[in-house]
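Okay, so here's the structure we're looking at.
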Protein chains: 2
Amino acid sequence: MTAIETAATGVPAEGTRARVERAALDLFTLRGFEQVTTDEVADAAGISRRTFFRYFATKADAVWGDFAAHVARLEELLAGADPAQPVLASVCAAYVEVNDYAAAELPLLRERMLLILTEPALLAHSQLRYAEVDRVVARYVAARSAADATDLVPRLVAATTRAAATTAFQAWLADERSALGTHLRQAFAELTAGFPALLR
Amino acid sequence: MTAIETAATGVPAEGTRARVERAALDLFTLRGFEQVTTDEVADAAGISRRTFFRYFATKADAVWGDFAAHVARLEELLAGADPAQPVLASVCAAYVEVNDYAAAELPLLRERMLLILTEPALLAHSQLRYAEVDRVVARYVAARSAADATDLVPRLVAATTRAAATTAFQAWLADERSALGTHLRQAFAELTAGFPALLR
DNA sequence: TTGCCCCCTGGCACCGGGTGTCATTAGCCT
DNA sequence: AGGCTAATGACACCCGGTGCCAGGGGGCAA
């Protein structure tokens with residue numbers, strides 16, 4: 001019972017996942033994450049609740065799109081970074097590049113990030129996703145600096161750069177007509193220079 | 001049905017909250033957060049499940065103790081910080097001081113933080129608690145630097161110092177015989193200096 | 001064409017976290 | 001003694017998430 005009706009059951013349903021994501025994003029944005037039940041999302045997407053949980057492990061996951069691919073791309077960028085460049089600069093550059101979205105993708109990204117950074121349940125869930133990112137970055141820093149990925153400095157770089165990136169996202173969301181890359185570069189510049197704007 | 005039996009019902013039950021916290025911490029540490037039901041925690045503490053949720057809004061909250069007081073103390077420390085000191089140094093110093101626990105409290109703190117940083121559900125929940133901390137720090141930085149608490153730099157300082165503190169906690173937990181303050185100071189030193197250990 | 005297998009699907013029952021409601025009971029105050 | 005307040009526990013309910021099973025379609029082989 002929905003706008004877009006698929007064929008009968010038993011069909012692989014080309015594009016179902018994307019359709020569910022859209023329905024979820026629309027409903028969550030419209031009425032708030034907690035106020036929408038998974039039943040409603042499933043209905044809107046023309047599938048059963050049970051099937052919703054086959055596409056997404058949790059309700060929150062419907063917001064994130066293919067985040068694993070995003071992390072994988074970050075990892076590739078780091079692997080291919082110029083070893084002559086300082087470690088920290090490589091990490092920041094990789095963050096900037098992995099977040100260099102095409103203009104057409106920006107509205108969707110805004111919608112996603114607004115939900116993630118606004119809705120408490122999604123904000124909490126984000127920590128689990130970011131943990132994957134942190135591990136990737138910490139491993140890279142550890143490899144470059146002949147340290148262990150569980151040592152203080154690799155973890156520190158991972159945690160603080162990611163925190164900086166998240167903060168840049170917040171600034172981007174707050175300022176409708178700004179470029180994400182600008183905020184990211186500014187945040188990393190402040191971070192890597194030890195916050196020169198605060199020398200007083 | 002538990003070890004410590006209280007009087008009948010209707011009694012204010014002096015110290016019930018602390019007793020529930022202990023029961024929860026013990027059970028979660030022993031068998032894992034997700035593997036323990038709120039029913040079991042309530043039973044172990046000699047109260048009903050419904051009463052458990054009057055003391056703690058969520059299952060996760062039973063792990064955090066009086067975190068609001070912790071945040072309030074951080075805010076007081078910041079309010080009383082020496083204005084002659086640089087902003088960033090004041091924030092770091094406040095973090096170090098608010099985490100300067102008495103030796104007798106350390107085992108409990110270890111137990112708590114180990115759960116929070118290890119159990120996915122608690123790690124996710126932590127983001128909500130840290131958001132309160134971030135707001136406090138961002139407000140302070142904003143006030144000191146004549147900016148708005150929603151601007152990039154105040155938020156950036158809040159997010160990165162908190163990330164550094166969390167990383168210091170991880171290092172402390174990984175190293176049984178170390179002092180928390182040492183890790184905190186090292187993490188902040190790296191952060192405020194722009195990670196001098198990575199100049200290659 | 002027929003038959004078989006695989007996989008997607010939905011229905012159902014169940015578990016656990018969290019909440020609203022209500023009756024009960026203890027302590028306190030007059 | 002009587003009444004008020006507050007904490008408690010029992011119950012029903014909602015919702016996210018999972019295990020299990022049956023059905024149905026598409027593709028492939030005979």
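Just so it is clear, the structure is predicted and the values come from calculations on it, not from any experiment. Lettering follows sequence order; numbering is per chain, from 1.
Here C:dG18 is the nucleotide among D:dG16, C:dG18, C:dT9 with the atom lying nearest to any side-chain atom of B:Phe53. The nucleotide whose nearest atom lies closest to any side-chain atom of B:Arg49 is, among C:dT21, C:dG18, C:dG10, C:dG18.
Within residues 115-123 of chain A, no residue has any heavy atom under 4.0 Å from DNA chain D. For residues 56-63 of chain A, proximity to DNA chain D is found at A:Ala57, A:Thr58, A:Lys59, defined as any non-hydrogen atom under 4.0 angstrom from a strand atom. Against DNA chain C, the stretch residues 32-39 of chain B makes heavy-atom approaches under 4.0 Å through B:Val36, B:Thr37, B:Thr38.
In this structure, B:Tyr95 and B:Phe188 have tilted ring planes: the angle between them lies in the 30° to 60° band. The aromatic rings of B:Trp64 and B:Tyr130 sit perpendicular, their planes meeting at an angle over 60°, well past the 30° parallel limit. Relative orientation of the A:Phe169 and A:Trp172 rings is perpendicular, given thresholds of 30° and 60° on the angle between their planes.
Residues B:Phe33 and B:Pro120 form no side-chain contact, since every pair of their non-hydrogen atoms from C-beta on lies 4.5 Å or further apart. Using a 4.5 Å cut-off on side-chain heavy atoms (C-beta onward), A:Thr166 and A:Leu117 make contact. B:Val153 is listed as a side-chain neighbour of B:Val157, based on a closest heavy-atom distance under 4.5 Å. Side-chain atoms of B:Asp100 and B:Leu180, non-hydrogen and from C-beta on, never get closer than 4.5 Å to each other.
Residue A:Thr51 has a polar side-chain atom (N or O) positioned under 4.0 Å from OP1 or OP2 of C:dG10. A sub-4.0 Å separation between OP1 or OP2 of D:dT8 and a side-chain N or O of B:Tyr55 is present.
Taking 4.0 Å as the cut-off between side-chain N and carboxylate O, B:Arg135 and B:Glu75 do not count as a salt-bridged pair. Here B:Arg129 pairs with B:Asp61 in a salt bridge; the nearest charged N to carboxylate O distance falls below 4.0 Å.
Taking CE from A:Met113 and CG from A:Leu106, the interatomic distance works out to 12.5 Å, rounded to the nearest 0.5 Å.
The distance from atom CD1 of B:Ile47 to atom C1' of C:dT24 is 18 Å, rounded to the nearest whole Å. Regarding B:Arg50, its CZ atom lies at a distance of 9 Å from the C1' atom of C:dT21, rounded to whole Å. Here the P atom of nucleotide C:dG16 and the CZ atom of B:Arg31 are 11 Å apart, to the nearest Å. Residue B:Arg54 contributes atom CZ, which lies 6 Å from atom C1' of D:dT8 at whole-angstrom precision. Atom CZ in B:Phe28 sits roughly 13 Å away from atom P in C:dG16 (whole-Å rounding). Atoms CZ (A:Arg17) and P (C:dC7) sit 19 Å apart, rounded to a whole Å.
In this structure, the side chain to side chain contact (heavy atoms under 4.5 Å, CB included) partners of B:Arg22, at least two apart in sequence or on a different chain, are B:Leu25, B:Asp26, B:Leu108, B:Glu111. Taking A:Glu40 as the reference, A:Arg31 meet the salt bridge (charged side-chain N to carboxylate O under 4.0 Å, His left out) condition, with sequence neighbours excluded.
At a cut-off of 3.5 Å, with distance as the only test, a side-chain donor of B:Thr150 or B:Asp148 sits close to an acceptor on the other residue.
Remark on the helix from C:dT1-D:dA30 to C:dT30-D:dA1: inter-end axis angle 10°, axes from five-pair C1' superpositions, rounded to 10°.
Proximity of a side-chain donor or acceptor of A:Arg155 to a complementary backbone N or O of B:Thr167 within less than 3.5 Å is not detected.
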